[in-house]
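Reviewing the structure listed below.
Here the structure is a predicted model, which is why all the values come from computation and not from measurement. Start at 1 with the first residue, then count along the sequence.
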Amino acid sequence: PETARAFVATLTDSPYTSILQTVKQPGDGTVQKRDFTVLQNDQQSWLGVAASEEEDGPVRIKTTSRNEIQTLLTEWL
């Protein structure tokens with residue numbers, strides 16, 4: 001419940017929103033795509049990523065930090 005309240009507070013506090021999409025071609029002719037959404041205000045940062053590979057699947061939201069986002073992008077790319 002506290003996490004949900006903090007997330008709603010972020011949404012209602014005119015958050016900054018960044019939408020990132022990474023695309024890579026591993027060498028076997030396929031293309032892999034991954035989308036990330038970052039919401040943040042002065043108190044909190046949130047990361048939204050697809051919970052599954054489905055096109056219209058659910059999104060997993062969690063608190064995050066600059067270091068975690070940097071690590072995630074480094075590992076993906």
Side-chain angles (χ1 to χ4, degrees):
E2 188 59 36
T3 302
R5 279 194 279 278
F7 182 62
V8 169
T10 300
L11 290 176
T12 59
D13 191 28
S14 300
Y16 297 101
T17 304
S18 301
I19 300 171
L20 307 150
Q21 182 180 68
T22 60
V23 179
K24 69 179 180 179
Q25 192 169 10
D28 61 0
T30 63
V31 175
Q32 298 174 345
K33 179 183 80 160
R34 191 148 186 203
D35 299 320
F36 306 90
T37 302
V38 179
L39 298 166
Q40 60 191 110
N41 63 11
D42 294 336
Q43 291 81 35
Q44 202 79 44
S45 295
W46 301 87
L47 176 66
V49 295
S52 70
E53 297 289 325
E54 297 174 25
E55 180 81 20
D56 294 328
V59 174
R60 187 178 69 217
I61 303 289
K62 63 183 248 54
T63 58
T64 192
S65 67
R66 177 186 299 227
N67 288 341
E68 183 176 12
I69 293 169
Q70 192 172 26
T71 300
L72 184 65
L73 290 173
T74 301
E75 289 173 357
W76 177 250
L77 296 174

Euclidean distance, [Y] [atom2] relative to [X] [atom1], rounded to 0.5 Å:
X     : Y     : atom1 : atom2 : value
Arg60 : Leu47 : CZ    : CG    : 7.5 Å
Ser18 : Gln40 : OG    : CD    : 6.0 Å
Lys24 : Lys33 : NZ    : NZ    : 14.5 Å
Ile69 : Thr74 : CD1   : OG1   : 11.5 Å

Between Asp28 and Thr30: side-chain donor-acceptor atoms closer than 3.5 Å: yes
So among Thr3, Thr63, Thr64, Thr10, which one has a side chain to side chain donor-acceptor pair (under 3.5 Å) with Trp46? Thr10
Check whether any side-chain heavy atom of [X] lies under 4.5 Å from a side-chain heavy atom of [Y], and answer yes or no.
X     : Y     : value
Glu68 : Thr71 : no
Phe36 : Leu73 : yes
Thr17 : Thr37 : yes

Please report the C-alpha distance between Gln70 and Asn67 in whole Å, then the side-chain angles of each, then the deciding distance to 0.1 Å, and finally whether the side chain to side chain contact (heavy atoms under 4.5 Å, CB included) criterion is met. CA-CA 5 Å; Gln70 192 172 26; Asn67 288 341; 4.1 Å; yes
Tell me whether Val38 is reachable from Ile61 by hopping between hydrophobic residues (I, L, V, M, F, W, Y) whose side-chain heavy atoms are closer than 4.5 Å. no
